[in-house]
Amino acid sequence: MRLASADTRMYGKQQQLRRARPLLGTLVDLHISFPDSVDGLALIESGFAAITRIHQLMSFHEADSDLSRLNQAPPDTPVTLQADTLAVLDIALAIQQASEGLFDIRAGEYLVRSGLLPGHAVGTLTAPSGPCVGRKDHSAWRTSPHRLDLGGIAKGYAVDCALATLLGGGATEVLINAGGDMAHAGSQPVQIQLRDPASPGRIMHPISLYNRAMASSAVGRLQPRQHDLPPSIVHPVAGDASPKHGSGVTIMAPRCVHADALTKIVLLSRNPHHPALSVFSARTEYSHFV
């Protein structure tokens, strides 16, 4: 659910370009400033390409994605994966540890059982415990029969990758908005208008985004999943959508991948000051629990 919109005025006398494209199950908006020496169209295409790459690697739906190959392999069977996928799995492990298991990508099994992800149940499963994946060198493996889902973290990582690509290609000002997962880099802050999670058409108070990332998650009425990587919030132990309709959280952090995952921890714990926030230099900008 989209929870943020941006005042996208960019500063300075350089050229500006803004494009939007449907990716990651939402609308991804890229806005850049760049000098005359840079091909702006090629640069912004490189940003979309970075996001598309992460989407393809971590899609639950694509049979040849890294995530699907990991889910198709028997538990405890190493699978060679791309560096970006391994990086996201390592981050997921770190966040799982910091949250004492509240964030766990094995919740994908419960999303399948509840109809939010396609697939069939694989039998009666006990609540997961221990690390969600095993890791060694260029491979990883599932530690239990639970299927993995990166929908609670991959979108933020994709935003981070696009930001790095755009800055590396010569952009001087960047604002990325992927359905409320946002990142900014530049000389001047931008104003972000948060939306009411219970009534997304209503704009609430503005906040300033300046060389940081932010992510927003909200809980709507549960319906069958129509897109890849939406922010479904599922308790990894209880296996149900614990936060109630109308609850919402916005987190600010240095990296969007952390902000993205931490919104789920705050929603599930109902604690805007959860200790995991400080581990990743993050803070809660807004929270509402029903």
State whether the side chain of S68 and the backbone N or O of E62 hold a donor-acceptor pair below 3.5 Å, judged by distance alone. yes
Would you confirm whether Q15, through its side chain, and D39, through its main-chain N or O, come within 3.5 Å as a donor-acceptor pair? no
For L175, run the side-chain contact (heavy atoms from CB on, under 4.5 Å) check against D29, V190, I32 and tell me which one passes. V190
For side-chain hydrogen bond (donor to acceptor under 3.5 Å, both in side chains), just list the numbers for S187 and E173, CA-CA rounded to whole Å, side-chain angles, deciding distance to a tenth of an Å, and then say yes or no. CA-CA 7 Å; S187 60; E173 306 267 347; 2.6 Å; yes
Determine the minimum heavy-atom distance between A98 and H274, stating which atoms define it. O-CE1, 4.2 Å
F60 and N71: which non-hydrogen atoms are nearest, and at how many Å? CE1-ND2, 3.7 Å
With a 3.5 Å distance limit and no angle check, can you tell me whether R69 reaches the backbone of T80 through a side-chain donor-acceptor pair? yes
Among L67, L81, I153, D84, exactly one meets side-chain contact (heavy atoms from CB on, under 4.5 Å) together with L89. Which residue is that? L81
With clusters defined by side-chain heavy atoms of hydrophobic residues (ILVMFWY) lying less than 4.5 Å apart, directly or transitively, does V79 cluster with W141? no
Taking all atoms of both residues into account, what is the closest heavy-atom pair of T165 and A50, and its distance? OG1-CB, 3.6 Å
S59 side chain to H61 side chain, donor-acceptor N/O pair below 3.5 angstrom: no
Under the side-chain contact (heavy atoms from CB on, under 4.5 Å) rule, what do L57 and V88 come out as? Steps first, then yes or no, please. CA-CA 11 Å; L57 284 174; V88 170; over 6 Å; no
S33 side-chain N/O to Q14 backbone N/O, donor-acceptor pair under 3.5 Å: no
Heavy-atom donor-acceptor pair, R135 side chain to S139 backbone, under 3.5 Å: yes
Given the rule in the side-chain contact (heavy atoms from CB on, under 4.5 Å) test, do M214 and H184 qualify, once you have shown the distances and angles that lead to the verdict? CA-CA 9 Å; M214 61 172 275; H184 170 264; over 6 Å; no
Any donor-acceptor pair under 3.5 Å from R270 side chain to V290 backbone: yes
Assess whether a salt bridge exists between K155 and D260, defined as any Lys/Arg side-chain N lying under 4.0 Å from an Asp/Glu carboxylate O. no
Any chance CD of Q97 has more than 12 other-residue heavy atoms, nucleotides or ligands included, within less than 6.0 Å? no
Would you say the side-chain atoms of N177 pair up with the backbone N or O of L30, donor to acceptor, closer than 3.5 Å? no
So does C132 get a backbone contact from the side chain of Q96, meaning a donor-acceptor N/O pair under 3.5 Å? yes
Any donor and acceptor pair, going by atom type alone, linking the side chain of D66 with main-chain N or O of T85 inside 3.5 Å? no
Could you check whether any side-chain N or O of S217 sits under 3.5 Å from a backbone N or O of V249, counting only pairs where one atom can act as donor and the other as acceptor? no
